[in-house]
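Numbers here simply count residues along the sequence, with the first being 1. One-based numbering, in listed order, for ligands and for the atoms of each.
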Amino acid sequence: MAFETINVEVDDHVALIKLNRPEALNALNNQLLGELCTALEEADANDKVRCIVITGSEKAFAAGADIKEMSEKSFVDVFSENLFAGAIDCLAGTRKPIIAAVAGYALGGGCEVAMACDFIIAAETAKFGQPEINLGVIAGMGGTQRLTRAVGKSKAMDMNLTGRFMDAEEAERAGLVSRVVPAKKLLEEAMGAAQKIAEKSRPSTLAAKEAVNRSYELTLSEGLLFERRVFHSMFATEDQKEGMGAFLEKRQPQFRDK
Ligand SMILES: CC(C)(O)CC(=O)SCCNC(=O)CCNC(=O)[C@H](O)C(C)(C)COP(=O)(O)OP(=O)(O)OC[C@H]1O[C@@H](n2cnc3c(N)ncnc32)[C@H](O)[C@@H]1OP(=O)(O)O
């Protein structure tokens, strides 16, 4: 499928999706969000793809929802079209692991898209923020919810109420990002992490992602039970025998996704 606002490359079991609206710092307009959703559905359905990386440019992962596009909309417009529900549900509904590789601005919807990925690797240049308050609105794709779960109430309130940006170092300290690397190494690091994930047994990666995500929805005892039962179910796979057998035989496992 040909896209205009994103580029997609599939190489070595990793789908690399690059947001590509440089003239607007990758502002998330309807077309880009629609194309991103289509690309994610295709990657999820493509047997060759085992992990997905989403990235932007050196200057911006994405500077938020497209303000020009939404500025004239009325309440009835945004309510009727359920503005932004589709794109973020699409990300959250993708079963394969997704890494956000963030350099430059990840603001508003850009920060929210990154947070809807499974983890974030940031360049030293990354800046995260929920500046919607400056536009007379609030975050609408998870900035008050996912950010609070990631960094706690105090920092989430600070960012949502003042609109200030958080740099990569602070984001790592706060637990918003998993690692920070020099900007030149960002893609190499993200693709390296994706390759590592791609080498694992597919049932294990899908199950690990589901189990971690359940921790957002369940009580601790329900979550622990869910995890234990999924762990038990992995003993029905050939890959469990292969993984444990390979360890005991001091060799690399050859997973067959069975
Ligand atoms: C999803 C929701 C519901 O949560 C809502 C949102 O996401 S609302 C959007 C939140 N994001 C913002 O408020 C950030 C807006 N952008 C900026 O503050 C600045 O552009 C900047 C700090 C990221 C970068 O500043 P600077 O280097 O000075 O570049 P600019 O000249 O401002 O930008 C270059 C070019 O890009 C256009 N641009 C930037 N961001 C957006 C945007 N979010 N929507 C539409 N267009 C955007 C900007 O207008 C410039 O274009 P031209 O004027 O040169 O045509």
Student: Would you check the N or O atoms of Gly109, main chain and side chain alike, for any that come under 3.5 Å of an N or O of ligand 1?
Tutor: yes
Student: Report the nearest protein non-hydrogen atom to atom 4 (O) of ligand 1: residue, atom name, distance rounded to 0.1 Å.
Tutor: Glu132 OE2, 2.5 Å
Student: Looking only at distances, please establish whether an N/O atom of ligand 1 is found under 3.5 Å from an N/O atom of Pro131.
Tutor: no
Student: Ligand 1 versus Ala27, non-hydrogen atoms closer than 4.0 Å: side chain, backbone, both, neither?
Tutor: side chain
Student: Answer side chain, backbone, both or neither: which part of Asn134 comes under 4.0 Å from ligand 1, heavy atoms only.
Tutor: neither
Student: Could you list the atoms of ligand 1 found under 4.0 angstrom from a heavy atom of Met141?
Tutor: 1 (C)
Student: Measure the distance from atom 3 (C) of ligand 1 to every protein heavy atom, then report the residue, atom name and distance (to 0.1 Å) of the closest one.
Tutor: Gly140 N, 3.3 Å
Student: Out of all atoms in ligand 1, which are within 4.0 Å of some heavy atom of Leu135? Include the element for each.
Tutor: 8 (S), 9 (C), 13 (O)
Student: Assess, by modelled atom type and distance only, whether the side chains of Gln240 and Thr237 contain a donor and an acceptor separated by less than 3.5 Å.
Tutor: no
Student: Considering only the protein, which heavy-atom contact is closest to atom 40 (N) of ligand 1, and what is its distance?
Tutor: Ala63 CB, 3.5 Å
Student: Short check: is a protein heavy atom less than 4.0 Å from atom 11 (N) of ligand 1?
Tutor: yes
Student: Under 4.0 Å and counting heavy atoms only, is there anything from the protein next to atom 43 (N) of ligand 1?
Tutor: yes
Student: How about Thr5 and Glu35: does a side-chain donor come under 3.5 Å of a side-chain acceptor?
Tutor: yes
Student: Taking atom 48 (C) of ligand 1 as the reference point, report whether a protein heavy atom occurs under 4.0 Å from it.
Tutor: no
Student: Can you list the residues that meet the side chain to side chain contact (heavy atoms under 4.5 Å, CB included) rule with Phe79, with sequence neighbours excluded?
Tutor: Phe75
Student: May I ask you to check whether Leu107 has an N/O atom sitting below 3.5 Å from an N/O atom of ligand 1?
Tutor: no
Student: Nearest protein heavy atom to atom 55 (O) of ligand 1, by residue and atom, and its distance?
Tutor: Lys68 NZ, 3.7 Å
Student: Which atoms from ligand 1 have a heavy atom of Ala139 less than 4.0 Å away?
Tutor: 4 (O)
Student: Based purely on interatomic distance, does Lys59 place a nitrogen or oxygen under 3.5 Å from a nitrogen or oxygen of ligand 1?
Tutor: yes
Student: Using a 4.0 Å heavy-atom cut-off, say whether Glu112 meets ligand 1 through its side chain, its backbone, both or neither.
Tutor: side chain
